[in-house]
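In what follows, a structure is listed as structure tokens, so that the remarks can point back to it.
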Amino acid sequence: MSTTSAGGPAPFPEPGPLPRTAGVPPQHARPQPVPRGVSPRVTAFAEAARSATTVAAREARWRELVGAGTPLVEPLDSHDCLVTFLWRGPARRVAALVNKLSDASTLESALLEPVPDTDVWALTLRLGRAFLGSYSLAVVPVDAGEATAGTRGRAEHGGLETRRARALAVSLPERHEAIAAWFNLLAHAAPDPLAREHGGGASVARGPDAPRAPVVAGPVSPGRLVPAALPGGRRGWWHVPAGPPPAEWDVRVLLDGEHWLEPAAPGSVSAAPRLDALPAQGAPRRVTLLVEGGDMAARGRDLTCSPHMVDALRGALDGADPALLGAPLTADPARTSIVGRSLGGLLAVYAQCRAPERFGVSVSQSGSFWWPNTGGTAGSAGQWLTTAIESSAVHLGRVHLEVGTREWVLLEPTRRLREVLRGRATVTWREFDGGHDQVCWDALLPDALRGAGA
């Protein structure tokens with residue numbers, strides 16, 4: 001536990017022994033299917049295709065339909081739009097796997113339907129104008145078995161099997177068949193070849209009012225990326241922004257830091273261009289410690305309110321070499337932030353609770369505040385951190401929370417945490433029209449960092 005001086009506040013509690021399934025998200029079914037719609041553009045295409053008398057004429061109609069890329073987006077009113085996913089060619093089954101819009105309980109609502117008298121498949125959903133989400137298309141070949149690996153590589157398919165086993169372990173038996181069918185479909189998932197936009201290794205669906213990261217005008221000066229010493233064999237990197245160093249660096253810890261690196265060796269001037277761009281997007285200029293999240297097992301061990309992980313991060317900051325960074329790091333918690341998403345978002349707030357004298361600012365994107373899953377197949381969310389804060393005397397600095405309105409497992413736990421933090425911290429808050437999605441997090445992060453002073 002954290003040490004305190006005599007008469008000081010009691011140390012923040014630590015989690016006790018937990019069940020094996022504690023780190024597996026509760027497998028609650030989606031509350032309701034996504035409303036479908038009818039695309040006027042697809043209707044017009046079908047009519048034109050039926051009246052076309054030559055193959056060339058049909059091809060021209062198809063090019064008109066998808067010439068600007070997919071999905072098709074057709075505004076309806078001030079709140080909603082129609083988003084249409086398309087595929088062309090023979091298939092046994094085609095599904096649009098949109099982040100947090102489709103899952104094992106709503107699989108049928110994710111299936112594209114054949115457009116009559118054509119070889120085109122379509123699915124139209126009614127979504128908010130501000131919707132943003134990643135998606136893939138699962139195209140099951142006519143002669144494929146349900147459980148084939150589809151287009152995924154062996155390593156990725158192995159990861160999918162691990163996720164399948166975890167989901168089955170915390171699901172009620174009556175849901176096993178649906179979950180198995182869902183993961184069989186996931187094995188065929190691949191990016192949409194017609195998508196106009198990609199991000200995070202997937203295709204992107206974007207409503208007309210969806211958030212975007214600020215556009216940077218002109219070139220960005222590259223910073224330096226150098227290895228950081230972290231205990232336990234975990235990799236880390238310091239990102240030092242371009243320009244002369246201050247007398248003392250403000251510092252940001254960025255969890256799951258490997259996702260910010262481009263395929264270039266540490267020391268390359270182009271290894272982290274998105275970090276280079278953050279100051280130009282309005283985020284504070286800070287030296288950043290990128291901390292590797294690791295595989296599923298490592299994240300489940302170290303990002304779930306682990307006091308050892310928090311102590312390791314604190315040690316990495318305290319032991320930073322000023323000669324390597326060009327200046328010493330500040331010891332002021334108000335100028336030291338920790339940022340994470342998903343399980344990393346959980347750890348970010350926990351780190352602030354365990355070490356408020358070191359971390360004065362936290363930014364949590366879709367934090368896993370359901371943790372731990374204490375109910376096994378019942379899928380009960382323990383919300384340990386929120387309960388621990390509620391029963392403690394901890395007072396924090398600034399906390400920024402954001403969560404997607406499509407994240408039905410996270411939305412209410414995050415709202416509850418917000419209420420518990422009132423009076424204990426300066427809280428900023430955002431709900432966005434999206435899911436548990438790197439595309440959303442990347443778009444919103446510059447604004448979150450700017451607003452939180454992180």
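Applying side-chain contact (heavy atoms from CB on, under 4.5 Å) to T428 and the options H400, E402, R398 leaves one that passes, H400. A side-chain contact (heavy atoms from CB on, under 4.5 Å) with F131 holds for exactly one of V83, D80, L101; it is L101.
D447 is linked by a salt bridge (Lys or Arg N to Asp or Glu O under 4.0 Å) to R430, R450, counting only residues two or more places apart in sequence or in another chain. Under the ring-ring contact (aromatic ring centres under 6.0 Å, His included) criterion, H259 pairs with no residue at all, not counting sequence neighbours.
A donor and an acceptor atom, one from each side chain of W441 and S366, are located under 3.5 Å apart. There is a side-chain donor-acceptor pair under 3.5 Å between Y135 and D192. Between the side chains of E197 and S203, no donor N or O sits under 3.5 Å from an acceptor N or O.
Looking at V251 and W238, their side chains come closer than 4.5 Å, going by heavy atoms from C-beta outward. In this structure, the side chains of D276 and H239 come closer than 4.5 Å at one or more pairs of heavy atoms. Annotation: side chain of R252 is in contact with side chain of V339 (closest heavy-atom distance under 4.5 Å).
Between D77 and R126 there is a salt bridge, since at least one side-chain N of the basic residue sits less than 4.0 Å from a carboxylate O of the acidic one. Note on D433 versus R406: salt bridge recorded, some NZ/NE/NH1/NH2 to OD/OE distance being below 4.0 Å.
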Steps toward side chain to side chain donor-acceptor pair (under 3.5 Å) verdict (T330, D250): CA-CA 6 Å; T330 181; D250 289 4; 5.1 Å; no
Yes or no on side chain to side chain donor-acceptor pair (under 3.5 Å) for S337 and R286, after CA distance, side-chain angles and deciding distance? CA-CA 10 Å; S337 60; R286 297 189 169 204; 3.2 Å; yes
Could you go through the salt bridge (Lys or Arg N to Asp or Glu O under 4.0 Å) check for R358 and D318 one step at a time? CA-CA 9 Å; R358 194 64 180 97; D318 294 342; 3.2 Å; yes
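Note that CG of D302 is 10.5 Å distant from CD of E292, once rounded to the nearest 0.5 Å. The CZ atom of F85 sits 13.0 Å away from atom CG of L111, with the distance rounded to the nearest 0.5 Å. To the nearest 0.5 angstrom, L97 atom CG is 11.0 Å from H188 atom NE2. In this structure, OG in S342 is found 11.0 Å from CG in L255, a value given to the nearest 0.5 Å.
For the pair R88 and W62, the cation sits on the ring face: its NZ or CZ lies under 6.0 Å from the ring centre, inside 45° of the axis.
Around the NE2 atom of H308, the shell of radius 6.0 Å holds no more than 12 heavy atoms that belong to other residues, nucleotides or ligands.
When atom types are taken as modelled, the side chain of T84 and the backbone of T124 share no donor-acceptor pair closer than 3.5 angstrom.
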